[in-house]
Number of protein chains: 2
Amino acid sequence: MPATPSHPGTSRTRSWWGWGYADAHPDNAECAAMGALLPGTLARPLPIPRVADLAIARPGATPPPALAHLITADPATRAAHAMGKAYRDVIRALRGRPGRIPDLVAHPTTHQEVADLLDWAGGHGVAVIPFGGGSSVVGGVEYRGDAHRAVLSLDLTSMNRVLEIDATSRSARIQAGALGPVLEEQLRPHGLTLRHFPQSFEFSTLGGWLATRAGGHYATVHTHIDDFVQSLHVVTPAGASTSWRLPASGAGPSPDRLFLGSEGALGIITEAWMRLQERPRYKASTSVTFADFHQALDAVRAIAQSDLAPANCRLLDPGEALLSGASHDGSAVLVLGFESATAPVDDRLTSALDLARAHGGRSGAPTADRDTPADTAVRAWRSAFLRMPYLRDGLARMGAVVETFETAATWDTLTALIDAVRTQVGAAALKATGHPATINCRLTHVYPDGAAPYFTVAVAGRPGDEVEIWDDIKAAAGDVLHRHRATITHHHAVGRDHRPGYDLQRPEPFALALRAAKDALDPHRILNPGVLVD
Amino acid sequence: MPATPSHPGTSRTRSWWGWGYADAHPDNAECAAMGALLPGTLARPLPIPRVADLAIARPGATPPPALAHLITADPATRAAHAMGKAYRDVIRALRGRPGRIPDLVAHPTTHQEVADLLDWAGGHGVAVIPFGGGSSVVGGVEYRGDAHRAVLSLDLTSMNRVLEIDATSRSARIQAGALGPVLEEQLRPHGLTLRHFPQSFEFSTLGGWLATRAGGHYATVHTHIDDFVQSLHVVTPAGASTSWRLPASGAGPSPDRLFLGSEGALGIITEAWMRLQERPRYKASTSVTFADFHQALDAVRAIAQSDLAPANCRLLDPGEALLSGASHDGSAVLVLGFESATAPVDDRLTSALDLARAHGGRSGAPTADRDTPADTAVRAWRSAFLRMPYLRDGLARMGAVVETFETAATWDTLTALIDAVRTQVGAAALKATGHPATINCRLTHVYPDGAAPYFTVAVAGRPGDEVEIWDDIKAAAGDVLHRHRATITHHHAVGRDHRPGYDLQRPEPFALALRAAKDALDPHRILNPGVLVD
């Protein structure tokens, strides 16, 4: 196994310490230019960390001969599996304080190999951390603590094939380790798509989406991957679980819904039958500007409570709109898009624009197109969206504290929630750093009864204390969310970073049930220890 | 408490032994006329059974003084809580062989009273069977076995209020014991509706819908009550579980989804925040006839795989269409309806009709209206739909074996499944009775990846053996469903009647998890014993 393997489906190399491709990172000059925009950051970027500088211990366990061909102890591979890609992870790597590096990394290719690995791990006190694209931003793929003899990172990306397509039922059986582009490439010849495009699309897998209840393409109706699941194959230490392929069922609590969001704590999702869609033939999109963000919220609520079902309904506050180039005059911007494989969508766009205008929106020209929106604000937003995590890492190299967090809440509390985040997270950031923080907000997904706000925080750190500063800021954010009964995560998952908020949020009887389920399925307590339940 | 209380929200009396209102049952002459259509049935209807003729034992437990005011041992009330309203229940009542009659019936009015009743029951070996409208057709509200000292039927219908409305988030906090009309009446002044209209609407409660994952109004997208749940309040023996009001969340496996479909085995759902909708302002509906049922299935699939999202998309096979008066010439009939509170729906209806015609459908005139569809077939179907359970009971009085069962399967297997049901259930009915059975089919809900067929079986029984005959027929049906990997229930729930099929269907690791969850939440094993898990 090469020390720096190319990313599956590409000839490019993943960064072991930062987001995405190593060759896409901003260079030193770009980092410095960004840092200059944030008062108090470093004069020069922190150097890019090297695996060779890490103190990587000898593995604490030896794989059995029968499984040895699936397992590597290569230092670069182990380092690349040590953490996810949160700011917290990036800055720890930059500061030479990475999380615990797994002892071994396995690349199984079959259900049976996964089961064999779990058997071995269960018998030897080895923790097993499932790993897909490694893009967790919540500490979901990192071992913390010392209760296990060794840590095995279970990398599923060798199981990346679309195994079967049922065109009649418009569904496909897909291995869990397929990265977004890898699975879409296999579906394309059939004229079908899973149509799940999270920001991490290139760097996350089907199994990761399922295990974390990822948020995808659609702003409305089917916002999470959950709705596209027809059946799951999950390998647990207590045996394999295969649910039937069903379009719907009322037979008891949904078995799939117990494993969706289980974050590797109950079993390893190795395969799923997924519902597919035809590629859209009709698209129309536009942007609407609002002088007042709160009025824009009312417009979005009106659209969300209609049955117009926009595919995109993303509201950017003035700061977010400025950052992405969608507006330059202090306006909030609503990016609206409709898509269909069946019928033209122009009428729906027109109806949505009417609702937006009735709440003070000023609209650009609607754009009907097949591939790319012509509207400048829409295009600016989309391009910035995919670039943002790279810029975050560039700012991290300048000693900045830059990260996002997201939530969802009902409309009755949403305005107060957003205002409280600005005030209280801003105060916490100022207290922790001495600098005023930039706090931007956008809505990523909207519902008839509420919406999902997504916040970006940026502030200069104190050299060497960035992790602690971020933890303080995040604790303030968690506190605001808790007091407003807003979920600790809408689509980033719980992982380890969100455990305090999650423990407050989930009803205690459900925690009892979940612990009991974990005891039954994972009796040796080896599966992703620390996420969801202890 | 009166012996024959009027049905909540009405001045009418429920039948203790049969469907719905006592005064809506077909009279003897109607029964005889129906029986004449089914060769081999009785010459005269069985008499309507009387509570006075039942051998009702003295209660096996005495309620504590503090709870005595909530509990009755009145024989008529106990008899009315002994069983659900399946054919199996009705014929047992007609034949003087009802299920075990509960010792006591409680009518709590608060969460705390529910908790107190569970405490008392847990300490005294008393089984607790939650009871809403009592319309279960799967043995969901009936005690079987003798492992408990006594049986308490926990009737929630005194908790029937809409407690709070959040118009901004378009949602309401509703007590679980509210029957369909009772809750809709409280929502109407606010211009809102839950828009969940199962066939049992008048005789079933919100709590029952939630506990059984009921199927409702919509033929597409939001077909089950599950999607309208914002949060649940569940009283378990291990404490009360209150989930946060959230439009969506990615924080671990959904707590609500564990209780949805738990059928009273994990806790008593006492209250829920539900997502509401505006009343539709635009409606359009029509019917399409097809000479060939299989071609009609293709048409429905095309519509289900479009994004037109009909509110009604009900395909009746020729027998079902004849029975309901929707067609008289051997055609299959597709009843199509669109509704919106936002925008006219005529274009969507036209697009759906285009798809139907492309698959050989001949359409009636589309009808745009506000309240009632003008199209004859649509009207005939709707009226027959609500009358059907009464007719079933009339036929039962003629010694017929008449019942429905339903399922869901992916499109690739659907045609073979429907054909196999006709052949093999028909053969089982013939073998069991010596008479050829009528087997009709309709699709009630449709999905991009499959559909939910609903079957009606009617055949003359052998006097006194009707239960055993139905059990033989149902076993054959369960076998066909299992071999086609079609769910044992799409929206009728598991109860006790579907346990064999459910045990084959659910993945074993999920069963382990569910048993563990039940042990944690119901340590004394008092909650609805026999449903879902043992």
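In what follows, chains carry the letters A, B, and so on, assigned in the order in which the sequence lines appear, proteins first and then strands, with residues in each chain numbered from 1. Remember, it's a predicted structure, so these values are computed and weren't measured experimentally.
- Taking all atoms of both residues into account, the shortest heavy-atom contact from P509(B) to S241(A) is CG-CB, 3.7 Å.
- Put simply, of L521(B), V494(B), L532(B), the one with the most heavy-atom pairs under 4.5 Å next to chain A is L521(B).
- For the residue pair S249(B) and T487(A), a side-chain donor N or O sits within less than 3.5 Å of a side-chain acceptor on the partner.
- Within the 4.5 angstrom heavy-atom criterion, only backbone atoms of L504(A) (N, CA, C, O) approach chain B.
- Atom OG1 of residue T242(B) and atom CD of residue E508(A) lie 12.0 Å apart, to the nearest 0.5 angstrom.
- Of the listed residues (G239(B), G215(B), A248(B), S171(B)), the one with the most heavy-atom contacts under 4.5 Å to chain A is A248(B).
- The CG atom of D166(A) sits 9.5 Å away from atom OG1 of T413(B), with the distance rounded to the nearest 0.5 Å.
- When ring centroids are compared, H482(A) and W244(B) come within the 6.0 Å threshold.
- The two atoms that bring Y502(A) and A251(B) nearest to each other are CE1-O, 3.3 Å, heavy atoms only.
- In terms of heavy-atom pairs under 4.5 Å with chain B, the best-connected choice from A520(A), A343(A), S351(A), G261(A) is G261(A).
- E278(A) contributes atom CD, which lies 7.5 Å from atom CD of Q305(B) (distance to the nearest 0.5 angstrom).
- For the set H445(B), Q230(B), H224(B), the entry with the most heavy-atom pairs within less than 4.5 Å of chain A is Q230(B).
- Between R170(B) and D449(A) there is no salt bridge, since no side-chain nitrogen of the basic residue lies less than 4.0 Å from a carboxylate oxygen of the acidic one.
- At a 4.5 Å heavy-atom cutoff, the contact between A240(A) and chain B is made by backbone atoms alone.
- Here T407(B) contributes atom OG1 and L246(A) contributes atom CG; the two are 7.5 Å apart, rounded to the nearest 0.5 Å.
- Of all the listed residues (R348(B), H490(B), H498(B)), the one sharing the greatest number of non-hydrogen pairs under 4.5 Å with chain A is H490(B).
- V531(A) does not touch chain B: none of its heavy atoms, backbone or side chain, sits under 4.5 Å away.
- Of the atoms belonging to D227(A), not a single heavy atom falls under 4.5 Å from chain B.
- L355(A) does not touch chain B: none of its heavy atoms, backbone or side chain, sits under 4.5 Å away.
- If you measure heavy-atom distances from L512(A) to chain B, the contacts under 4.5 Å come from both the backbone and the side chain.
- The greatest number of non-hydrogen atom pairs below 4.5 Å with chain A, out of E263(B), H491(B), R245(B), Q505(B), is found for Q505(B).
- For chain B, the nearby part of R275(A) is the side chain; its heavy atoms alone come within less than 4.5 Å.
- Between R301(A) atom CZ and T168(B) atom OG1 the span is 5.0 Å, to the nearest 0.5 Å.
- Ranked by heavy-atom pairs shorter than 4.5 Å toward chain A, the options A304(B), A214(B), A408(B) are led by A408(B).
- In terms of modelled atom types and a separation under 3.5 Å, the side chain of R213(B) and the main chain of G252(A) share a donor-acceptor contact.
- Among L258(A), T236(A), D256(A), the single residue meeting the side chain to side chain contact (heavy atoms under 4.5 Å, CB included) criterion with F510(B) is L258(A).
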